[in-house]
Structures are given as structure tokens and as C-alpha cells.
Amino acid sequence: MGQKTVDELVRAEEGLVSRSIFVDEEIFQQELKQIFSRAWLFVGHESLVPKPDDYFVSRMGTESVILTRDRQGQIQVMLNSCAHRGMKLCRYDHGNNRTFTCPYHGWSFSTDGKLVERPGELVGVPGHATHYKGELDKKQWGLKTVAQVVNYKGAIWATWDPNAPPFLDYIGNMRLYLDAALDHRNGSPGGSEVIGGVQKWRVKCNWKFAPENFIGDLYHDISHRSVDIVGIGPGGGKGRRDASATRSAICFPELGHGLLGRLPFYEEGPYAPQYGRYPEVEAYYREIHEQRERTLGSAMRVQTSVGTIFPNMSFHGRQPRTLAVFHPISSTEMEMWRMYLVDKDAPEAVKDAARHYFLRYSGPGGMTESDDMENWTGATEASMGAMSRELFFNYQMGVGHREDVPEIPGCAVNGEYTEENARIYYRRWAQFMNGLSWDQLMAGAVRLEEAA
Ligand code: FES
Ligand code: FE
């Protein structure tokens, strides 16, 4: 890590973060070990593998992993690398397969509970009796599986670390806001699904720029001025998104997660029309709004616009809902994935309107996201030089103005325009990079039971 310690590179309380953590390859390799091998990572959505034996090839850090649903309906996540000589087993993006056969020497691995005791077990070895004289212990040479995997309201999360705390402890009360993205109808049957496949594209920037942006950088709205003028909102009107009342930059200082949103316990008020050009869509969202008014307790009255779960997953928590993940490729390149969530049982017109909006808004061809990508690539490129990487980025907006939110233990706010959330994100980054134990990492975190 060069001459500097982590604490010299990230002086979060002062609002100073070294540019080198966005461009240095040695620091990048440390991130893979200290963060991506330990933290809970988002790997996909259950609707990508609806049937037994469906698989979807995902990533955890720089590792390729297979996300699959076994015959028992359980979600499994395994390293997409043959145990023999490491060949990438599965080279399709998704499909349906119970047994994965390696193209190099033909070893095969299965998730079929009838054949194997654990998913990813080695079941077939060409020449096992002859070349190996029957002596190779197949039980020892299965695929590496993740230490823990969780299906939380359809979103699949995994960690390589057996000692990581339970996922719900890891996200703490950020759960309230994640729920607004994953389950906006609060458990009503039907659930959500990803529509239109997963958009994937590479961006020549450091991976941290994106989650930092999503954690509550309202200040950069000037970047999107042109889009606001032409108007690509959900209903085709002006602005990028629906009208939103004053939000706060809400963060979870001990956990490193954060968002732009409105606090719970507010009165939602009357439905604000935004789909004027699409009466059927308007009627659908109006009904959901009114149903929420009738049935939900105040605790679920949270609204989220954008948020980030540390380290590399972000989401839009209001209509339209999206999930994003930023995979590290190198210190100066990431692969960005976007998934678009709709209610599974929504009418086609609603799904169609959402799909069109996503295409206008997001992805490499989207009018808004391309603005952000330009900023992130420009900042990365301009920080690569021997001189520029020695400088610090400025995150000093709102230093010293954080306030606790008594209604939500573990939660704090700092107005609408602030860099508080970025500071808590990089503080968390430094804690992981310093190799703190899970006991230390979770020491100040509020447990769910205390928060109840
Ligand atoms: Fe897979 Fe040899 S690398 S069988
Ligand atoms: Fe933006």
C-alpha cells in the first residue's frame, strides 16, 4: 500500500480521502481480500432462477460464481471454477443444468440432492477407475461453495466468511429502506421479478465511485441538468423521477450503509399523479398507494429514492425500482449490473411503462446514467498520475452536523445536501481494510432485537 497506512489514506472524520484508493492496484488487491472475501455481497434475485436447476452466473468481487436453485428449491452459490485445474465451468450467462461438466478434462459436478450430499460435489471423473486407479476421493474435490447464503425478500446475498454475522445484523435498521425496494407492497402475495434481463457493462472507473454516488450524493444533480430539461420522467414528463418532497441523507454510521430518503412516521398524503400519459399505469400505482394508506402501520412508511448497502450494492427504492451492483475488475475498471424490478402480477401495461423508463434512464444507453459514468471515468483518469494520486478528495460538506434519529436506533441524518453518507462509507471501508474482527466491526451496531 505504498508508504501510507489506511488511516493516513482515509481521514473520514475530517472529510479527506486519498485519490490513491481509487487508482492503486496494490490497494485494489487488498480490497479483494479484506472486503470482498468477507462482506455480505449481493449476487442476484430469485426470479433469475425460478425453476429447479436454473442457474445464473454472477460475481463476488472478481470471482465468477454460479447461482443456482437445486431440486429441493434451495438457492446455492458456488465458485465457477473447476476443482481440478481451475477452468471456468460455466461459460453461459444463465440456463438450466443439474450437472456442470468441465470443458477441459471433463470432471462433472452436481447439485442433485439424490446423487450428492452437498451441492457442487464431484460426481464424474473420466478415467476414475483406470487413470486414477479409483483412488481419487471425489468427496474432497467438489466446487468451493460460499460459507453463507441468504434469500432476503427475493434478493440473494452471500459471503465467503463463515464468521460473518447474520445478514440481518449486517444491514441492521437499513432493512427498513431496503424493504422499500424489495417489497414495496409489504409482503402482499405475488412478489417481484426482474424484467428484461440483466444489463451489464464495463466502465473505466474505480468501483467505489458508484456506491458512493448512490449513497446520497444529491449534490451532483447539476450533472443531469440536460436530462431534466428534456424530461424523461416515469410518465414521460419533465424531470427524471417523480416529484419528491424534502429528503434527508440518512445513514447508518456503524454499518456504512446509507440513502437519500424520507424518515418513517410521516404522513404519505394524497397520491401524486405522475403517469398521466398512461391511465392504466396511473390507476395501478394509485391503488397500491391507497392500499398502503389503508393497511400499513407507520413503521413501514418509509420512502427511499436511492441507497447503498456496503460495499457495492445500490438500489432505487421507489417506483420504478432497480437493483444495481458494481463489480470490481481492476483499480480503474468496474462492471456495472442493473436489474429492474416489477410486481410479478402487474398488468403488462405497467411492466411496459417501467421497461421503457428503465431504458431511457439507466444503463450504457440511458440518458441519466451516462452522465454519471462520464464523471466517474473522468475523475478516475485524472487521478492516475504520480502527482495527482497524492492528493485528497474533499468530502467536507456537513462535517460536524450529523444528528441521531431517535426513532431508528443506529440511524443518523445530516440534511439533504451533505457528504456525511460518503464519510461513513469510507470510514467503513477503512475498518475493513484495517482487518478489524467481526466483533470490532459490529461493536457499535444496533442489533435488530434492540431496535424492535
Ligand atoms: Fe476441469 Fe481439468 S480443469 S477437468
Ligand atoms: Fe446521477
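The structure presented is a predicted model; accordingly, all values stated were derived computationally and were not measured. We use all heavy atoms of the structure for the numbers below, so side chains are in, but hydrogens, waters and symmetry mates are not. One-based numbering, in listed order, for ligands and for the atoms of each.
Less than 4.0 angstrom separates some heavy atom of W107 from each of these atoms of ligand 1: 4 (S). Set against the non-hydrogen atoms of G106, the atoms of ligand 1 under 4.0 Å away are 4 (S). Close approach of ligand 1 to Y104 is summarised as follows: ligand atoms under 4.0 Å from at least one heavy atom of the residue are 2 (Fe), 3 (S).
Salt-bridge check for R338 with E369: passed, with a basic side-chain N closer than 4.0 Å to an acidic carboxylate O. Ionic pairing of R427 and E420 is not present here: no N-O contact between side-chain nitrogen and carboxylate oxygen is shorter than 4.0 angstrom. With respect to the salt-bridge test (charged N to carboxylate O, under 4.0 angstrom), the residues D112 and R71 do not qualify. Between E193 and K344 there is no salt bridge, since no side-chain nitrogen of the basic residue lies less than 4.0 Å from a carboxylate oxygen of the acidic one.
Just one of D352, I195, V350, V194 meets the side chain to side chain contact (heavy atoms under 4.5 Å, CB included) condition when paired with V342; it is I195. For the side chain to side chain contact (heavy atoms under 4.5 Å, CB included) criterion with M313, the lone passing option out of W40, F326, W157 is W157.
Taking atom 2 (Fe) of ligand 1 as reference, H105 places its N/O/S atom ND1 nearest. Taking atom 2 (Fe) of ligand 1 as reference, the nearest N/O/S atom within H84 carries the name ND1.
Here the angle at the Fe ion (ligand 2) defined by NE2 in H224 and NE2 in H220 stands at 90°, rounded to 10 degrees.
Not a single N, O or S atom of C82, from either the backbone or the side chain, sits less than 2.8 Å from atom 2 (Fe) of ligand 1. Distance check for D372 against the Fe ion (ligand 2): an N/O/S atom falls below 2.8 Å. Among the backbone and side-chain atoms of C102, no N/O/S atom is found under 2.8 Å from atom 2 (Fe) of ligand 1.
Taking the ring centre of Y55 as origin, the terminal cationic atom of R69 falls outside the region bounded by 6.0 Å and 45° from the ring axis.
In this structure, the protein non-hydrogen atom closest to atom 3 (S) of ligand 1 is R85 N, 3.3 Å.
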